[in-house]
Amino acid sequence: MKAVPIRSWRERGLQVGLFELGGLLLITPGYRWTTGEGWGESVGLLVLLSLIATTWQAVYNTVFDRCEARWAHRPAHLRPWRWRVVHALGFEVTLFLITWPVIVLWTGWTWWAAAVADLGLALAYTAYAFLYHWLFDRWRPVAAERGA
């Protein structure tokens with residue numbers, strides 16, 4: 001059986017970097033408005049969460065893509081809509097478990113308040129991730145499919 005190509009580390013870096021930059025630009029104003037936190041606190045926390053998410057996203061996407069290539073025999077850019085939903089939700093649920101304690105420590109909020117804030121961020125980022133990854137896969141299909 002022919003090996004299914006996955007993204008190179010260079011492509012993965014571009015994918016993750018653009019995702020996090022776009023997310024910060026789109027999500028920070030809404031977070032600041034919703035929480036009433038100042039720009040410095042909002043940007044500081046979201047940059048920290050972004051660094052955590054960047055690291056986790058590179059690992060998560062690579063593992064997900066390898067599993068998909070092995071079990072479904074297809075590259076990421078051919079992922080059907082149902083699996084795009086699974087991909088986005090899986091990432092956000094696991095990221096939530098990582099970032100929830102960080103929000104508590106950064107803000108001093110209760111666990112409940114931090115969970116609500118993190119859930120809001122997760123919902124916003126899930127919708128963004130779904131759309132972003134679909135667009136990215138259309139813009140930059142896996143290298144072997146582009147003839148590289």
Does Trp134 have any side chain to side chain contact (heavy atoms under 4.5 Å, CB included) partners at least two apart in sequence or in another chain, and if so, which? Trp81, Arg84, Leu131, Arg138
Are [X] and [Y] connected, step by step, through hydrophobic side chains (Ile, Leu, Val, Met, Phe, Trp, Tyr) whose heavy atoms are closer than 4.5 Å?
| X | Y | answer |
| --- | --- | --- |
| Val93 | Val116 | no |
| Val104 | Leu97 | yes |
| Leu119 | Ile98 | no |
| Leu89 | Phe136 | no |
| Val86 | Val4 | no |

Run the side-chain contact (heavy atoms from CB on, under 4.5 Å) check on Ile52 and Leu95 step by step: do they pass? CA-CA 8 Å; Ile52 293 167; Leu95 184 63; 4.3 Å; yes
With a 3.5 Å distance limit and no angle check, can you tell me whether [X] reaches the backbone of [Y] through a side-chain donor-acceptor pair?
| X | Y | result |
| --- | --- | --- |
| Thr99 | Val102 | no |
| Tyr31 | Ser42 | no |
| Trp111 | Trp100 | no |

Candidate list Phe64, Tyr60, Tyr132, test ring pair (Phe, Tyr, Trp, His ring centres under 6.0 Å), partner Phe91, passing option: Tyr60
The test is side-chain contact (heavy atoms from CB on, under 4.5 Å); show your working for Val16 and Phe19 and say whether it passes. CA-CA 5 Å; Val16 170; Phe19 176 84; 5.5 Å; no
By side-chain hydrogen bond (donor to acceptor under 3.5 Å, both in side chains), which residues pair with Trp109, not counting sequence neighbours? none
Carefully, step by step, assess Glu92 and Leu121 under the rule side-chain contact (heavy atoms from CB on, under 4.5 Å). CA-CA 9 Å; Glu92 291 303 331; Leu121 289 169; over 6 Å; no
Do [X] and [Y] have side chains that approach each other closer than 4.5 Å (heavy atoms only, starting at C-beta)?
| X | Y | value |
| --- | --- | --- |
| His87 | Glu68 | no |
| Leu18 | Trp139 | yes |
| His133 | Gln15 | yes |
| Arg79 | Asp65 | yes |
| Trp106 | Ile103 | no |

Non-hydrogen atoms of [X] and [Y] that approach each other most closely:
| X | Y | result |
| --- | --- | --- |
| Val142 | Ala76 | CG2-N, 4.1 Å |
| Gly90 | Thr94 | O-OG1, 2.9 Å |
| Pro29 | Leu25 | CD-O, 3.6 Å |
| Asp118 | Phe96 | OD2-O, 3.2 Å |
| Pro75 | Pro5 | CB-O, 3.5 Å |
| Thr28 | Trp39 | CG2-CZ3, 3.9 Å |

Criterion side-chain contact (heavy atoms from CB on, under 4.5 Å) on Tyr125 and Leu49, from CA distance to verdict: CA-CA 12 Å; Tyr125 268 97; Leu49 296 178; over 6 Å; no
One should read off an interatomic distance between Leu135 CG and Phe130 CZ, to the nearest 0.5 angstrom, of 10.0 Å
Straight-line distance of Arg140 CZ to Arg7 CZ, nearest 0.5 Å: 8.5 Å
Please, which pairs that meet salt bridge (Lys or Arg N to Asp or Glu O under 4.0 Å) have at least one residue in residues 28-42, sequence neighbours excluded? none
